[in-house]
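Presented below is the structure to which this report refers.
Quick note on labels: first sequence line is chain A, next is B, and so on, each numbered from 1.
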Amino acid sequence: MSVPEKPALEGLETKWQSRWDADATYAFDRTQSRADVYSIDTPPPTVSGSLHVGHVFSYTHTDIVARYQRMRGKAVFYPMGWDDNGLPTERRVQNYYGVRCDPSVPFDPNFTPPAEPPKPPLAVSRPNFVALCTTLTVEDEKIFEHLWRHLGLSVDWSMTYATISPVSRRISQLAFLRLLAKGQSYQLEAPTLWDIDFRTAVAQAELEDREMPGAYHRIAFAREDGAGAVEIDTTRPELIPACVALVAHPDDTRYQPLFGKHVITPLFGVPVPVRPHPLADPEKGTGIAMICTFGDLTDVVWWRELSLPVRAIIQANGTLKPIAWGSAGFPSIDAAAAQARYDTMANLTAARARARIVELLKETAALVGDIRPITHHVKFYEKGDRPLEIVTSRQWFVKTMDHRGALIDRGRAMRWFPAHMQTRYENWVNGLNGDWCISRQRFFGVPFPVWYKVRDDGTTDHDARLVPDEAQLPIDPSTDHPAGYREEQRGKPGGFVGDPDIMDTWATSSLSPFIVCGWERDQDLWARTFPMDLRPQAHDIIRTWLFSTVLRAHLELNSLPWTNAAISGWVLDPDRKKMSKSKGNVVTPMGLLEEHGSDAVRYWAAKGGPGVDTAFDAGQMKVGRRLAIKLLNASKFVLTKITPIGPVTEPLDRAMLRQLDDVVRQATEALQAYDYAAALRVTEAFFWGFCDDYIELVKRRRGRDDAGAASANGAAQTALSVMLRLFAPVLPFVTEEVWSWWQPGSVHRSAWPTSAELAGAGDDAHAYTRASEITAAIRQQRSERKLGFSVPVRVTLGGVDRALWPAIARDLLEGNNVVGDPQIDFDAPALTAAIEPVAADA
RNA sequence: GGGCGGUUAGCUCAGCGGUAGAGCACCGGCCUUACACGCCGGCUGUCACAGGUUCGAGCCCUGUACCGCCCACCA
């Protein structure tokens with residue numbers, strides 16, 4: 001027993017995190033079988049970003065569950081991952097070093113980044129760029145790990161993984177090749193959502209809508225038969241050269257006579273048909289729309305379902321491509337005029353081309369009336385700055401549309417906390433409008449493990465795929481060459497060429513259970529950890545990470561990846577808005593932990609229930625800090641006088657333990673349902689009552705050296721042991737500190753408390769609650785009559801339970817500084833108390 | 001437009017069929033053999049609104065309003 005004279009919270013984080021590390025307190029015991037393992041699919045944070053309060057919030061929730069399960073006797077498999085793959089890392093490296101990746105620059109083995117980021121950025125080769133990404137992410141990961149350790153995450157730090165690591169690249173490539181072999185992945189040249197700044201395809205899950213100013217332009221299309229004009233409204237007049245048809249609703253009597261007839265596009269003189277399609281909305285604009293290849297996703301649907309030609313004009317960089325009018329693709333009744341007009345638009349960005357074409361339209365009187373400004377929603381890549389275009393390109397897809405029903409069923413087979421988050425998942429699956437595009441035209445990521453044969457004429461034969469043997473993975477097709485070829489044949493007629501693309505970051509993240517559990521790498525580990533028990537994550541990535549993980553496990557393993565999904569909420573500003581990045585950076589997580597203490601910050605986080613958006617509240621952290629300090633002091637008090645100790649015989653002691661038994665039961669039930677907030681509430685309420693009422697009532701009895709003192713000591717120590725363990729998942733540092741004063745080993749490896757430990761205590765907690773009520777009544781009288789505790793008083797009581805009174809009378813009288821025998825009216829209808837001071841000299 | 005949450009004391013939230021709760025804040029008191037980083041006491045509510053079910057409704061049903069989020073919406 002070694003209780004400090006002045007216990008304090010300062011320094012506990014450093015002390016215990018290094019001790020836990022040295023003792024391997026959280027090491028995963030991989031000798032356990034699946035039934036005795038609890039495995040957690042931890043979200044790998046993006047290391048190129050900065051951690052903010054939201055991370056601290058949600059990772060604390062997961063850690064509470066991990067600690068609880070560990071105390072329940074499970075071998076907790078709780079690895080931490082780093083998401084260092086993909087665009088965010090590229091951006092960070094570009095800004096940090098002042099470089100940009102240019103694949104045409106040759107590799108420089110002696111390259112070192114400039115001391116100061118140069119302007120303009122220095123162009124570097126892809127291998128040099130990737131090396132910089134790797135260097136910087138390693139540094140970022142150290143900072144992240146330091147923060148997580150300080151927060152007290154009970155991660156097994158020997159098991160970290162990174163989404164760009166060789167293991168992750170191998171798993172990504174292997175899983176991709178398996179999909180390809182099964183026909184679940186395919187390559188297609190098709191219209192795809194495209195970010196013109198990043199010059200990459202993006203997936204449906206990465207879209208967001210933003211409100212943008214726009215304008216309706218009413219455009220007249222002359223009828224081919226000369227019988228007047230048809231007017232359409234468009235916000236994108238610059239796409240008139242890409243127009244392939246007009247479309248109206250089949251039931252729209254205004255336009256029915258036009259179906260099958262042709263109109264002539266203004267300026268360019270292209271005859272295009274008027275076609276019916278049910279997606280056309282008679283209420284929008286003039287009720288008839290122009291179909292361009294491609295202005296939006298509806299255009300793609302119309303183009304496909306009406307078998308229209310392609311007349312694409314937007315290039316990968318967002319400018320209009322030069323076109324030869326009068327050719328097969330771009331027919332015109334006046335090719336010369338079309339060419340002259342179009343040449344003034346070619347190579348302009350869409351926005352500039354729009355301004356230019358408005359001038360042309362005005363000159364030719366094809367613009368009807370005024371341009372009407374509107375605000376409308378436009379699709380953006382979530383990380384992008386300009387609206388997405390639709391560009392036809394060759395991309396890799398994973399089949400999702402075929403599996404929607406099965407994926408809904410998978411969602412129903414898992415348990416969701418909170419349950420309503422399942423609806424979001426179903427909404428997403430039901431709203432899918434195409435297969436998952438997994439290829440990105442970027443540099444830092446997992447390459448597709450594919451080469452193509454080069455024909456004798458030097459063109460690439462995308463149908464003649466060459467794939468590596470699984471044993472060779474991971475490979476980089478830009479530096480490795482396929483079996484049966486020599487490196488010199490790269491890009492040469494009769495040779496080969498590597499697939500230039502990398503995978504979407506979610507194509508790797510979706511394999512996190514595969515990566516951590518040892519799929520196709522460590523069969524023994526796999527058998528002990530998969531399917532996993534828990535996927536904790538935030539609700540904003542249900543459509544990406546959660547969905548894609550379910551998909552991959554379904555396609556590859558015909559299994560759920562995990563049985564439980566715990567969805568955490570967001571941290572909100574006090575004004576109820578999502579905590580913004582700027583504000584999140586002002587309040588840095590490390591600053592918070594240092595100011596309030598890790599336990600205090602964890603306490604605040606634990607108060608936010610599963611899936612509940614929670615206000616950032618430093619006040620709650622202060623409360624948490626007070627709780628931790630109270631634990632130190634109350635424990636010191638209980639443990640400072642520990643003898644005599646004996647059987648718990650006193651009714652008040654027995655009733656207290658009986659009450660605690662209820663608390664254990666409630667806290668356990670709550671944690672089983674992932675409701676750590678409810679578990680904390682009941683534990684905390686009991687603890688404060690224990691301190692303020694129980695300890696106060698028995699401290700004098702405890703001061704003696706008789707059987708009553710032995711009972712009080714026995715009960716107090718039992719209660720303390722139980723409470724420390726109930727608090728341990730939320731407050732790992734202070735509970736460990738106190739535990740170390742009098743118990744061997746770590747509280748975090750001790751057994752979660754059970755009713756069995758408290759069995760034999762009283763069979764009724766009534767004496768405990770009643771004693772608190774009587775005490776409160778006496779205290780109220782003292783307060784009203786301004787008689788401090790140190791003034792001895794006589795008491796008159798009413799409504800006290802006749803049978804109960806003798807058992808608790810002594811504790812109550814001593815504990816409230818009451819002298820003499822109280823007068824009691826046992827039959828009074830309600831509890832009453834009246835006091836009279838006793839003169840000190842009386 | 002479709003969907004999901006939420007609306008309870010000044011603030012942050014719990015309660016989800018049986019007499020309205022906690023913490024914070026505020027006010028008053030107290031150095032009481034752990035803790036003044038403490039302790040005691042007090043004040044505060046047409047439980048968003050309107051109907052309905054029920055002996056009884058923050059709690060169940062219907063509708064409305066507002067807040068947040070997800071999805072759809074580029075003619």
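- Look at CG on A/N427: it is 10 Å from P on B/C71, rounded to the nearest Å.
- Atom-to-atom, CZ of A/R543 to C1' of B/C4 comes out at 16 Å; the value is rounded to the nearest Å.
- The interatomic distance linking A/K786 (NZ) with B/C30 (C1') rounds to 11 Å, in whole Å.
- Between the C1' atom of B/A22 and the CZ atom of A/F687 lies a distance of 17 Å, rounded to the nearest Å.
- Aromatic ring pairs are classed by plane angle as parallel below 30°, tilted from 30° to 60° and perpendicular above 60°; the pair A/Y676 and A/H61 is parallel.
- Between the CD atom in A/Q620 and the OG1 atom in A/T614 there is a gap of 10.0 Å [rounded to 0.5 Å].
- Here A/A678 lies out of heavy-atom contact (under 4.0 Å) with every strand.
- Using cut-offs of 30° and 60° for the angle between ring planes, the A/W742 and A/W739 rings count as perpendicular.
- One P atom belongs to B/C47, the other to B/G58, and the distance between them is 8 Å to the nearest Å.
- Using C1' as the reference atom, B/G17 and B/U53 are 12 Å apart when rounded to the nearest Å.
- Taking the C1' atoms as reference points, B/A50 lies 15 Å from B/A57, given to the whole Å.
- Heavy atoms only, all atoms of each residue included: A/S635 and A/L724 are closest at OG-CD2, 4.5 Å.
- Among A/H249, A/Q256, A/R254, the one residue that satisfies the side-chain hydrogen bond (donor to acceptor under 3.5 Å, both in side chains) test with A/D252 is A/R254.
- If you take CZ of A/R424 and P of B/A72, they are 13 Å apart, rounded to a whole angstrom.
- Mapped onto RNA chain B by nearest heavy atom, A/M421 and A/Y216 fall at different nucleotides, with A/M421 at the one closer to the 5' end.
- What separates CG of A/D299 from P of B/C74 is a distance of 9 Å, to the nearest Å.
- To the nearest angstrom, C1' of B/C70 lies 14 Å from CD of A/Q537.
- With both ends at atom C1', the span from B/A65 to B/G28 equals 41 Å, rounded to whole Å.
- For the P atoms, the distance linking B/C60 with B/U8 amounts to 16 Å, nearest Å.
- The six-membered or imidazole ring of A/W570 lies near that of A/H539, with a centre-to-centre distance under 6.0 Å.
- When the C1' atom is compared between B/C26 and B/C31, the two are found 23 Å apart, to the nearest whole Å.
- Closest approach to the A/V623 side chain among B/C24, B/G68, B/C71 is made by B/C24 (side chain taken as heavy atoms from C-beta onward).
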Verify ring pair (Phe, Tyr, Trp, His ring centres under 6.0 Å) between A/F547 and A/W506, making sure each step is shown before the conclusion. CA-CA 10 Å; A/F547 165 76; A/W506 297 111; over 10 Å; no

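- Salt-bridge check for A/K699 with A/E814: failed, with every basic side-chain N at 4.0 Å or more from each acidic carboxylate O.
- Of the candidates B/U32, B/G3, B/U12, B/U12 carries the atom nearest the A/D617 side chain, counting heavy atoms from C-beta on.
- Here the shortest heavy-atom pairing between A/L12 and A/F733 reads O-CD2, 3.7 Å.
- Using a 4.0 Å heavy-atom criterion, one finds that A/H420 contacts the sugar-phosphate atoms exclusively.
- The same atom, P, is picked in B/C16 and in B/G52; the two are 26 Å apart, to the nearest Å.
- Shown here, B/G58 is classed syn by the O4'-C1'-N9-C4 or O4'-C1'-N1-C2 angle, which is within 90° of 0.
- Geometrically, A/R782 engages A/F789 in a cation-pi contact defined by less than 6.0 Å to the ring centre and at most 45° from the axis.
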Using Watson-Crick and G-U wobble pairs with both distances under 3.5 Å, what is the 5'-to-3' dot-bracket string of RNA chain B, with [ ] for crossing pairs and | for pairs outside the strand? ((((((((.[[[[.)..(..]]]].(((((.......))))).....[[[[[..)....]]]]])))))))....

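- OP1 or OP2 of B/G5 has not a single side-chain nitrogen or oxygen of A/Q422 nearer than 4.0 Å.
- With salt bridges taken as basic N to acidic carboxylate O contacts below 4.0 Å, one links A/R779 and A/D693.
- Nucleotides B/U44 and B/A9 are separated by 14 Å at their P atoms, to the nearest Å.
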Could you list, one pair per line, each protein nitrogen or oxygen that sits under 3.5 Å from a nitrogen or oxygen of nucleotides 14-20 of chain B, together with the distance?
{"unit_1": "B/A14", "atom_1": "O2'", "unit_2": "A/R681", "atom_2": "NE", "d": "3.3"}

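- Put simply, A/T234 has no side-chain N or O that comes within less than 4.0 Å of OP1 or OP2 on B/C74.
- Note: CG (A/L680) to P (B/A22) measures 17 Å, nearest angstrom.
- For A/F57 and A/F616, the ring centers are positioned 6.0 Å apart or more.
- Nucleic acid contact for A/L639: none, since no nucleic acid atom lies under 4.0 Å from a heavy atom of the residue.
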Sub-3.5 Å pairs of nitrogen or oxygen atoms, protein against nucleotides 34-41 of chain B:
{"unit_1": "B/A34", "atom_1": "OP1", "unit_2": "A/K699", "atom_2": "NZ", "d": "3.3"}
{"unit_1": "B/A34", "atom_1": "N6", "unit_2": "A/C691", "atom_2": "O", "d": "3.3"}
{"unit_1": "B/A34", "atom_1": "N6", "unit_2": "A/E696", "atom_2": "OE2", "d": "3.4"}
{"unit_1": "B/A34", "atom_1": "N3", "unit_2": "A/N633", "atom_2": "O", "d": "3.2"}
{"unit_1": "B/A34", "atom_1": "N3", "unit_2": "A/A634", "atom_2": "N", "d": "3.3"}
{"unit_1": "B/C35", "atom_1": "O2'", "unit_2": "A/N633", "atom_2": "ND2", "d": "3.1"}
{"unit_1": "B/C35", "atom_1": "O2", "unit_2": "A/K630", "atom_2": "NZ", "d": "2.9"}
{"unit_1": "B/C35", "atom_1": "N3", "unit_2": "A/K630", "atom_2": "NZ", "d": "2.9"}
{"unit_1": "B/G38", "atom_1": "O3'", "unit_2": "A/K630", "atom_2": "NZ", "d": "3.0"}
{"unit_1": "B/C39", "atom_1": "OP1", "unit_2": "A/K630", "atom_2": "NZ", "d": "2.7"}
{"unit_1": "B/C40", "atom_1": "OP1", "unit_2": "A/D692", "atom_2": "OD2", "d": "3.4"}
{"unit_1": "B/G41", "atom_1": "O2'", "unit_2": "A/S783", "atom_2": "OG", "d": "3.4"}

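- Annotation for A/R311 and A/T293: closest pair N-OG1, 2.7 Å, computed over non-hydrogen atoms.
- Screening A/R412, A/R404, A/R543 for a salt bridge (charged side-chain N to carboxylate O under 4.0 Å, His left out) involving A/E426 leaves a single residue, A/R412.
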